[in-house]
Amino acid sequence: MPDDFHDVTVVPQCVDLSPDEVLRSLSFHEIGHAAVGILAGMHCDYSELFEAEIDGDRCWTGRTVWGSFKTSHFGFAAMCAAGPVAGSRQLAEADLLSEQAAAWADSVHDRETAVVNLARAGFRITLEESGSHGEMTWRQVVTFTEALAEKYWPHITAGAESLLCSPDFKISGNSIAQAIGITNPPRAD
């Protein structure tokens, strides 16, 4: 798996969310990645939210940084899907999941990260409705991840709240693991 796969994503101008609503959704998005990655055996260094300047515009984005990718192919795919799943769920619970917000929360780059990196590793995920010859579909990954997010939602919520309350919008992987109630797997050397 790659060492660093996260691309900065610009919040489109058409998103009908306030800056605070964007930050809240992003916190759930990043903690979703972190929680599912940790559960799948990946060591999380930290998750953070930060401002970036792209084409002269300032926007909020986030990233989760990993100390190891020791997980199954499916675990990696679920970790990628967990950000959009958690961000979308938070927006839906806050009654903010408009068409524009849903498109923003979908985070195509997370799906592409899973599909491209796993294809390089010989594991194919299709975007079609049904896979052939045992292929995994992205819908199957998302459905599994939604069930996992449901089970751990109170913990994902606690981690997201901690991230939002941190003075620099940064939280350690160990703190996230503690919120989930498990130990952060060891770093790869």
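None of the values given here were measured: they were computed from a predicted structure.
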Aromatic ring pairing H29/H109, orientation class (parallel under 30°, perpendicular over 60°, tilted between): parallel
State the CE-OG distance between M42 and S68, to the nearest 0.5 angstrom. 7.0 Å
How far apart are the closest heavy atoms of I171 and S162, and which atoms are they? CD1-CB, 3.4 Å
Gap between atom OG of S25 and atom CG of L96 - 0.5 Å precision: 8.5 Å
Return yes when atom CG of D95 has more than 12 non-hydrogen atoms of other residues, nucleotides or ligands closer than 6.0 Å, and no otherwise. no
Distance-minimising heavy-atom pair for A34 and W66: CA-CH2, 3.7 Å
Connected-component partners of Y46 among ILVMFWY, side-chain separation under 4.5 Å: V65
Set of residues satisfying side-chain contact (heavy atoms from CB on, under 4.5 Å) with respect to K151, sequence neighbours excluded: none
Can you name the residues that form a salt bridge (charged side-chain N to carboxylate O under 4.0 Å, His left out) with E21, not counting sequence neighbours? none
Side chain proximity check, F169 to L26, heavy atoms < 4.5 angstrom: no
How long is the span from the CZ atom in R63 to the CG atom in L49, to the nearest 0.5 Å? 10.5 Å
Main-chain N/O of R24 paired with S27 side-chain donor or acceptor, under 3.5 Å: yes
A82 backbone acceptor or donor facing H33 side chain under 3.5 Å: no
Cluster check V116, F123: I/L/V/M/F/W/Y, side chain < 4.5 angstrom: no
The reported gap from CD in E146 to CH2 in W153 (rounded to nearest 0.5 angstrom) is 11.0 Å
Parallel, tilted or perpendicular: which fits the ring planes of F74 and F144, with parallel below 30° and perpendicular above 60°? perpendicular
Closest non-hydrogen atom pair, A149 against V85: CB-CG1, 3.9 Å
Applying salt bridge (Lys or Arg N to Asp or Glu O under 4.0 Å), which residue pairs with at least one partner in residues 96-106 are found, sequence neighbours left out? D106-R111
With side chain to side chain contact (heavy atoms under 4.5 Å, CB included) as the criterion, how do W104 and L91 come out once you've worked through the C-alpha distance, each side chain's angles and the decisive distance to 0.1 Å? CA-CA 11 Å; W104 169 71; L91 288 169; 4.2 Å; yes
With R89 via salt bridge (charged side-chain N to carboxylate O under 4.0 Å, His left out) - residues at least two apart: E93, E150
Considering all heavy atoms, the nearest A81-V142 contact: CB-CG2, 4.3 Å
If you compare all heavy atoms of A114 against all heavy atoms of W138, which two are closest, and at what distance to 0.1 Å? CB-CZ3, 3.6 Å
Indicate the atoms forming the closest heavy-atom contact of A86 with I156, along with that distance. CB-CG2, 4.4 Å
From CD1 (I125) to NE2 (H73), nearest 0.5 Å: 9.5 Å
Is a side-chain N or O of E30 found less than 3.5 angstrom from the main chain of T64, in a donor-acceptor match? yes
Please check: side-chain N/O of S107 versus main-chain N/O of A105, any donor-acceptor pairing under 3.5 Å? yes
Could you give all pairs that pass the side-chain hydrogen bond (donor to acceptor under 3.5 Å, both in side chains) test and reach residues 34-44, with sequence neighbours left out? H43-D45, H43-N184
The reported gap from CD1 in I176 to CG in L163 (rounded to nearest 0.5 angstrom) is 7.0 Å
ILVMFWY cluster, I182 and I31 together (side-chain gap under 4.5 Å): yes
